[in-house]
Amino acid sequence: MQLLLNVLLFGLLSISQPVIAQKLLDDKSTVLAIGKELRLSEWNGNISDFCSWPGISCGLNNAFVEKLDLSSHGLQGNLSLISELTSLKWLDLSHNNLHGTIPPVFGNLVKLEYLDLSFNSFGGLIPPDLGRLRNIRALNLSNNVLVGVIPDELEALEKLQDLQLFTNRLSGSVPQWVGNLTSLRVFTAYENELSGVIPYDLGSVAELQLLNLHSNRLEGSIPDAIFSMEKLETLVLTQNGLSGTVPASIGKCRGLSSIRIGNNKLIGGIPREIGNVSGLTYFEADNNNLSGEIVADFSRCSNLTLLNLASNGFTGTIPSEFGLLSNLQELIVSGNNLFGEIPMSIIGGKNLNKLDLSNNRFNGSIPGGICNASRLQFLLLGQNSIGGEIPHEIGSCGKLLELQLGSNYLTGGIPPEIGHIKNLQIALNLSSNHLHGLLPAELGRLDKLVSLDISNNQLSGSIPAALKGMLSLIEVNFSNNQFSGPIPSFTPFQKSLNSSFLGNKGLCGDPLSIPCGGLDDSAGNSYHHKVSYRIILAVVGSGLVVFASVTAVVMLFIMRERLEKAAKDEGTTEEEINNKPVIAAGNVFVDNLRQAIDYEAIAKATMKDSNELSTGTFSTVYRADMPSGMVLSVRKLKSMDKTVIHHRNKMIREVEKLSKLCHDNLIRPIGFVVFEDAFLLLHQHFPNGTLAQFLHDSEKKPDNIPDWPSRFSIAIGVAEGLAFLHNLAIIHLDISSGNVFLDSNFNPLVGEVEISKLLDPSRGTASISAVAGSFGYIPPEYAYTMQVTAPGNVYSYGVVLLELLTTRLPVDEGFGEGIDLVKWVHTAPARGETPEQILDAKLSTVSFAWRREMLAALRVALLCTDSTPAKRPKMKKVVEMLQEITQN
């Protein structure tokens, strides 16, 4: 019997070996064919070693291809061949340029556990064939142009834990069968065209942690059953047509950290049971029809960071118990019917960053202790019934970025102490009050202020010449006061509309075009001299204009002839000569560079792939060589271009503001160009490239620079740049080593800062449908909150710091499946590795001093990449810790 068994076993082995060999041969030939079809130039070398090629991972003993990661490769072409790799368990084709329909043959990959086709241009229907992927645990089809309904065949995916379908054009309803996916942890289908009601059966998905259905056409009420899911952490239902009340059952879901139900048609009040949600961090219910009083039970949510109840019908006062919310950073209750005095209990909150009580019926006066909240950056009290004088203590609000006090009943004068608020940048609005007296010259100290509105008051006297110190001013409004005398000769004033100064009977000069004839003799003589000079200049100028026009026409003909001659010499057709980009707008903010920059050359440079320097989540950077010999880096905003152009004026104003944002470690725009449907930002060109190239591209690494000292200097510089942004309440959208540029002295400059302002959806300039951040740098909480935050920026910075210390990529197959650089570093002790084994040995073994500094910097990086956002240090603290290392 044993002999018979041995014979049978030998026979089976002898049969299976050829089968395995044939399967391995099939995978080799398939990989070669895929590489050829998708033009993967990095797939070369010894075919017998194909398992070590980039993006390919094979199973035990390199038997078969089990993982294919070709994300962010700019791929185009036919994908059907991939279905022949039947042992595949992991397939990632995200962030490419793939078009057409999703190949139905992907349904043949029955061993597949992970499929990510997000951030492409797949169209058509979701193939029902995907329902045959019975082992699938994660399916991501987001950010494509898929249409039609979510197919019922996906109900068969019983092991599914992560289903993401956001930002497509899917229609129909949310399927009832989603409630049968008992292993589901993440379900996102936001930014689609889904209609109907939210399935009641979703409440039976006990493992669900994240449900995000915002920006659809959903109707009906929020099902009670949703709050039966004990593990639910994030619920996002904003921008739908949901009606009914907020269920009292919300109190059952104690683990909820983020509830966002704004921009719907909800009615009734907030149930008192909200106080049972002990882990609540974010609560947004703005732009509904909610009513009643704001319940004091919110005060039991000790972790509450943001409470937004704006644009509803709430009445009554703000509960004094809110003073117990020590972690509260933003309280937004604008656009309601609230009354009473400004609550002192809230003002004293040590973490309060934003207080928006605007457009209500608050009365009383502004308390002298308004600045007890030392971190207050946004104070919005406009459109209320607040009276009394503006307290002189307002000058103690040292971190204030925006002060809105317009449309109240304020009396007295403007306190000169406002001029002490040096950080005031976004706006100072004191309009439509009963303020009187002189305009304080101290306001001229506000050199960062962009918008000043003091219209519709009873202010008198002259406009102080000291206001010329407001170097960043763009918007001004002095109308309907009692000002007199000449308007100071100051560019922001001269560029303003005359309506900004109307209603002041005694004002004269530009832009009102009213002669200042009522001045004293010396002033009058000065003015008449100016008028005389203007007349002379106008006559001379007219002659020059005519001469310049004739000269320009002649020069154009000459240039045309030269172009046609050059075109004939190079074989260029006349059609190509005429095919020039039409420049819609452009400006250069640096006077001495204007002659050196050619808009047409810039536009043409972005039309050639050969000029591309790098590409990121929100933009692509090109090299542009000017006819003058100057070289620029040109950042072209992508994927949102049409929206950007629609808001062109807002974009231009933001770019002008950002050009004044001055810090040694930030790249600021030197100009912009708008043509067709493209918005281009102009920057200085940095020939040393990015930090990513410096660390990971050996050909570009300088040999003559000490490695660790230069890296540590870069780490401190990047931290200082981010700390400066955070101080201005600007949160960066994409911190990575690829967004840190190095100048000629290898000093770091953080790039793409302007993206954070230009593409801020809260400002209505554009919608961010792409994930904010680069793969490997995105904080873990982003998957659930979809919010870009300051702690998230700290995490991303921590990844950059780890790159500097280890010279490792943020995502590397060498770490193992599902492990990135952060996890690899944090789990080192479990692997029995010491901190010294994590550091780049080429640096840490050079000297004891270098190793000591690197170990200290590693401790900072570990703090920055803590999985809990609240435990991460602020960027200002990070700078202090790094500087302390150098001092010690």
Side-chain angles (χ1 to χ4, degrees), residues 49 51-63 65-69 71 89-90 92 113-114 116 137-138 161-162 185 691-692 695-696 698 707-708 711-712 715 736-737 773-783 791-792 794-873 878 881-882 885:
D49 194 29
C51 286
S52 65
W53 290 0
I56 298 178
S57 296
C58 295
L60 191 64
N61 298 322
N62 286 343
V65 178
E66 291 189 352
K67 181 177 180 179
L68 200 59
D69 186 349
S71 60
K89 294 181 180 179
W90 180 293
D92 188 348
E113 298 176 3
Y114 179 97
D116 190 347
R137 285 177 168 79
Q161 298 176 359
D162 189 326
R185 295 178 182 176
L691 177 58
L695 291 176
H696 308 304
S698 58
D707 262 318
W708 172 243
R711 294 189 190 199
F712 197 28
S736 69
S737 59
S774 298
F775 192 49
Y777 299 88
I778 302 171
E781 70 270 16
Y782 183 83
V794 175
Y795 179 93
S796 302
Y797 171 78
V799 179
V800 174
L801 186 53
L802 288 176
E803 278 185 86
L804 287 161
L805 289 162
T806 65
T807 321
R808 294 275 201 150
L809 289 163
V811 180
D812 192 330
E813 291 181 359
F815 297 143
E817 185 171 326
I819 299 177
D820 57 15
L821 177 58
V822 173
K823 289 182 181 177
W824 180 76
V825 171
H826 279 264
T827 57
R831 298 192 304 271
E833 294 179 7
T834 63
E836 286 85 354
Q837 290 173 290
I838 296 171
L839 304 175
D840 187 340
K842 293 179 181 178
L843 306 179
S844 62
T845 58
V846 170
S847 72
F848 288 111
W850 284 19
R851 183 171 64 181
R852 188 165 52 248
E853 286 189 353
M854 292 178 74
L855 288 172
L858 177 60
R859 285 192 288 272
V860 176
L862 291 172
L863 289 172
C864 291
T865 52
D866 194 290
S867 59
T868 304
K871 292 183 180 180
R872 299 171 199 153
V878 172
M881 289 189 291
L882 294 176
I885 293 172

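Everything numeric in this text was worked out from a predicted model, so none of it was measured.
With contacts defined as side-chain heavy-atom distances shorter than 4.5 Å, the pair Met881/Ile885 does not qualify. The shortest side-chain heavy-atom distance between Asp116 and Ser71 does not fall under the 4.5 Å cut-off. No side-chain heavy atom of Leu821 sits less than 4.5 Å from a side-chain heavy atom of Asp812. Looking at Arg185 and Asp162, their side chains never come closer than 4.5 Å, going by heavy atoms from C-beta outward. Within the 4.5 Å cutoff, no side-chain heavy atoms of Trp708 are placed close to those of Val846. Inter-residue side-chain proximity for Leu802 and Val822 is flagged as met; some heavy-atom pair is nearer than 4.5 Å. A 4.5 Å side-chain heavy-atom check between Lys842 and Asp707 finds every atom pair outside the cut-off.
Heavy-atom contacts from other residues, nucleotides or ligands closer than 6.0 Å to NZ of Lys67 number more than 12.
Heavy-atom minimum distance, Leu804 versus Arg711: O-NH1, 2.9 Å. Among all heavy-atom pairs drawn from Leu801 and Ala715, the shortest one is CD1-CB, 3.7 Å. The nearest pair of heavy atoms linking Ser867 to Arg872 is O-NH2, 3.7 Å. Counting all heavy atoms, side chain and backbone alike, Glu803 lies closest to Arg808 at CG-O, 3.4 Å. Val878 and Tyr797 get closest at one heavy-atom pair: CG1-CE2, 3.7 Å. Taking each heavy atom of Ala861 and Gly798 in turn, the nearest pair found is CB-O, 4.1 Å.
For the atom pair CD of Glu833 and CD1 of Ile838, the computed distance is 6.5 Å after rounding to the nearest 0.5 Å. Annotation: the span from Glu113 atom CD to Arg137 atom CZ amounts to 5.0 Å, rounded to 0.5 Å. Atom NE2 of His826 and atom CG of Asp820 lie 9.5 Å apart (nearest 0.5 Å). To the nearest 0.5 Å, atoms CH2 (Trp90) and CG (Asp69) are separated by 7.5 Å. To the nearest 0.5 Å, atoms CG (Asp840) and CH2 (Trp850) are separated by 10.5 Å. Summarising the geometry, atom CG belonging to Leu855 is positioned 9.0 Å from atom CG belonging to Leu805; distances are rounded to the nearest 0.5 Å.
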Point to revise | Worked verdict on Leu68 versus Ile56 for side-chain contact (heavy atoms from CB on, under 4.5 Å) | key: CA-CA 5 Å; Leu68 200 59; Ile56 298 178; 3.8 Å; yes
Check your understanding: Can you check side-chain contact (heavy atoms from CB on, under 4.5 Å) on Leu882 and Val860, steps first, answer last?
Key -> CA-CA 8 Å; Leu882 294 176; Val860 176; 4.2 Å; yes
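In this structure a side-chain-to-backbone donor-acceptor pair under 3.5 Å is present from Ser796 to Tyr777.
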